[in-house]
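Note sheet for the following structure.
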Amino acid sequence: MLRWLYCPSSQAVGFAARNTLASLIALAAALWMELDSPQWAVATVWSVAQVRRGESMSKARWRIVGTMVGAIAAVMFIAAFPQQAWLFFPAVAAWIGLCSFLATFSVNFRSYAFVLAGYTCSIIAVAAASQPDNVFFIAVSRATYIVLGVVCEAAMALLFAHNLASRARATMLTRVEDVLHRLASLLREIILHDRDTLAHAGEFSDMMVSVHHGIEFPAIEMGHHSHAGDHARAVFADISIMVTRLVGLSGSTERAELSRDPLLIETRGRLLELCDRLVSCRLQQDMLETLLGHVLHLRAVFEDRARHETDEARRITHGVLDAAMTDLATAIGHCQAIFAPPPHDRFRFRLPGHRDLRLAFHNGLRGAIAILAAGLIYEMTAWPGGMGFIAITTLVCGLFATREKPVVGTVRFLSGAIWSAVAAGCLDLWIVPYLSDYEELAFVLGIFLFVGGLAKYNPGTAGAAAAYGLLMPNLLMPGNQLRVDEVTFLNTALHTVLAVGLSVLVFRLVLPFDARNERGRYMAHIRTELRGLCIMPLPPSPGRWIGTSVDRIGRLVRHAAQAGDPAATGDIRQTLLLSAVGLNILLLRQLKRERHHEASRTLTLLMRALARYRPVSRRGIALVAVARRRVVGMLRQEPDDMWLLRILGCLDGIGRTAATCLAQGGAVRK
């Protein structure tokens, strides 16, 4: 378990050494500038420091933005509620709740900027509560620490960064290749009718969410002139749409009579050959061109069969496969743009995620309750360390308010806070009193910071190390004319550890996370959304719907893994099937807008009926079957009309996936 300490990797040593040196430089600069709280410059370095350079750059940028917004809010609250504790603390709590609410709708470090604006406001306002006339200077001082720490970390990182853009491109290519390889495995399972296909499709969605969020950082390292990150996100969107199409198709190919069809057996062989090509694919110009040529050939074959076959089931199956190959060909085109960007490339693409108003409200409410509880304790006890207790409580609640399972994160943070108190106690009480100049302090403090850097690089101890790097300098409180005595240290350590403990209790007791209830709420929400998709005036695009659905499925998979709940597999399957229903509804609405035809009137009536009776219900399936029979009659009169064939494919997708949902017992029967 301590291998990260006594046998670290060279990358871990480089990460720890780089950030330790940046921290010591930031501390020296803060002492030279005679700032009143130089420890915050050190804490900023460790807060911004990330394993990947792109993550550090993004976090540094958003940390500065969040600090500035929080400082402005603190000045406003102090000006609005001077010496009015029963108005001041509720106002700060409401601000923390609002920031946590808004942070829930963002990802990566944009979310961090919102929570930082919340707890920065609290830290500055609490520090200025006893001296409101100095709030502006305290806010400027706080902003100075942040900028100083960010600049030192960035400057030191640049010295250690070599071939940053080329390594970032290699990282992005590797991640996209991994997606293609996983697609090959999932496609093979769909073709061979594997029993666990839907569960593996859920895991694939979780991987897609993880890669999509992580692709932002190599894109930052490559520079703003490159649009490789946008092309990579477009690859993920097209592949997700393709997988959802095939999930909707898989129900029909499982039937025994179709499985024995010679033409479908030959089609299956072609698709398995495609899987083999995807497994061995590398993002190289010649391999991508060969793969794209093969996919375009398959699309032409499937389109020809959909157009000229006489059997209705064959035509529909090959029509859906034709659309799937179109999605894959578009994705490969974006892969080529990553490898060899076109001239004057201005492509932009964002894959949206799920926005949960109820979760955002819960996150905001938890943070607000924590601050109100801390303020009430301070007012009732008149604790001299109460203001620091409130500030640390705000910091911890802000950091973990938007986590999917904040209890786990805060428990690890508590262990890191305890270790930071132990380390700072050793320095404050036994070592620092015997040091006479900065060089000696830097040498001793550097050892403690280096150990924290090794722990932060190790994934198993990163959560506790984050607390260690953030809180240990605050407990140490270095200064030019300051020496921390035993009473001051013990009081500071006590309110720091108790503040983290209060945060743990709040996240455990106030609206605690329950994976099973969360899944049930997601399912009900998606079924309600399906009814809205049928009639809303401006429906989302298929890409936007799939982006939101993939994000939801990824969350369900993570919740199940964290809770160790094997019963979640059924709900993940249900969510994936409902996503396929939604995709086909949106595709039908797109087709309806393309032409004025008798079938358009049929689809209009169907959408209105499904909005009333629910798409995933027995009556909804019956309505789809009625509409299908009408479209089949039109297709027999116009057998060459591919538009009608695509409508049939979407209707079959809705009917099959809805029937599978009902068979699994996850939908409400009408």
Side-chain angles (χ1 to χ4, degrees), residues 180 183-194 197-198 201 204 237-255 257-279 281 291-333 542 546 576-577 579-581 583-584 586-588 590-591 628 631 635 639-657 660:
L180 292 177
L183 171 65
S185 301
L186 181 61
L187 184 58
R188 185 181 297 275
E189 291 182 1
I190 292 174
I191 296 167
L192 298 178
H193 320 308
D194 190 285
T197 296
L198 292 178
F204 181 79
D238 291 325
I239 287 178
S240 299
I241 292 175
M242 173 188 174
V243 169
T244 308
R245 286 184 193 272
L246 295 179
V247 165
L249 178 68
S250 61
S252 67
T253 56
E254 291 178 356
R255 292 180 295 180
E257 61 271 18
L258 290 178
S259 298
R260 292 193 296 266
D261 188 289
L263 184 63
L264 291 180
I265 291 175
E266 195 269 342
T267 297
R268 183 187 305 167
R270 288 178 178 270
L271 292 173
L272 291 175
E273 181 184 356
L274 174 63
C275 294
D276 294 336
R277 288 177 179 267
L278 287 172
V279 166
C281 178
L291 179 62
L292 181 59
H294 183 74
V295 171
L296 292 176
H297 173 69
L298 285 181
R299 187 180 69 177
V301 171
F302 295 152
E303 182 183 7
D304 181 71
R305 291 179 179 177
R307 189 180 297 275
H308 298 108
E309 278 294 321
T310 56
D311 183 73
E312 178 186 303
R314 289 177 177 178
R315 295 191 68 185
I316 294 174
T317 299
H318 287 99
V320 175
L321 291 176
D322 170 30
M325 291 303 104
T326 301
D327 296 331
L328 184 56
T330 305
I332 296 172
I546 289 299
L576 188 62
L577 291 169
S579 300
V581 172
L583 175 64
N584 282 295
L586 292 174
L587 293 175
L588 277 179
Q590 279 189 349
L591 291 169
R628 185 186 185 281
V631 176
L635 183 62
D640 295 332
D641 194 335
M642 295 296 294
W643 180 76
L644 291 174
L645 187 64
R646 289 196 293 271
I647 290 176
L648 273 181
C650 294
L651 291 174
D652 276 7
I654 295 173
R656 283 192 301 270
T657 49
T660 305

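Residue numbers run from 1 in the order of the sequence given.
For the pair Arg188 and Asp276, the salt-bridge criterion is met [side-chain N within less than 4.0 Å of a carboxylate O]. Using a 4.0 Å cut-off between charged side-chain N and carboxylate O, Arg270 and Glu266 make a salt bridge.
When all heavy atoms of Leu180 and Cys281 are compared, the pair lying nearest together is CD1-SG, 4.2 Å. Between Thr244 and Ala580 the shortest heavy-atom distance is CG2-CA, 3.4 Å. Of all non-hydrogen atoms in Ile316 and Gly649, the two that sit nearest each other are CG2-CA, 3.7 Å. What you find for Ala306 and Gly319 is that their closest heavy atoms are CB-N, 3.7 Å. Scanning both residues, Ile191 and Cys275, for their nearest heavy atoms gives CD1-SG, 4.0 Å. For the pair Ala184 and Val279, the tightest heavy-atom approach, listed with the atom from each and the gap, is CB-CG2, 3.4 Å.
Between the CG atom of Leu577 and the OG1 atom of Thr660 there is a distance of 6.0 Å, given to the nearest 0.5 Å. With rounding to the nearest 0.5 Å, the separation of CG in Leu328 from CG in Leu321 is 11.5 Å. Expressed to the nearest 0.5 Å, how far CG of Leu648 lies from CZ of Arg646 amounts to 11.5 Å. Note that CG of Leu651 and CZ of Arg656 are 10.5 Å apart. Values are rounded to the nearest 0.5 Å. Separation of atoms OG (Ser579) and CD1 (Ile241) is listed at 12.0 Å; rounding is to 0.5 Å. Taken to the nearest 0.5 Å, the CG atom of Leu187 stands 6.0 Å off from the CG atom of Leu246.
Counting heavy atoms from C-beta on, the side chains of Met242 and Asp238 never come closer than 4.5 Å. Side-chain contact between Ile239 and Phe204 is present, with heavy atoms from C-beta onward closer than 4.5 Å. Between Leu635 and Arg315 there is a side-chain heavy-atom pair separated by less than 4.5 Å. Between Leu274 and Leu291 there is a side-chain heavy-atom pair separated by less than 4.5 Å. Side-chain atoms of Leu271 and Ile190, non-hydrogen and from C-beta on, never get closer than 4.5 Å to each other.
In this structure Asp641 satisfies the salt bridge (charged side-chain N to carboxylate O under 4.0 Å, His left out) test together with Arg595, sequence neighbours excluded. For Ala323, the side-chain contact (heavy atoms from CB on, under 4.5 Å) partners are Arg245, not counting sequence neighbours.
Under the side chain to side chain contact (heavy atoms under 4.5 Å, CB included) rule, His318 has a single partner from Asp311, Val301, Thr267, which is Thr267.
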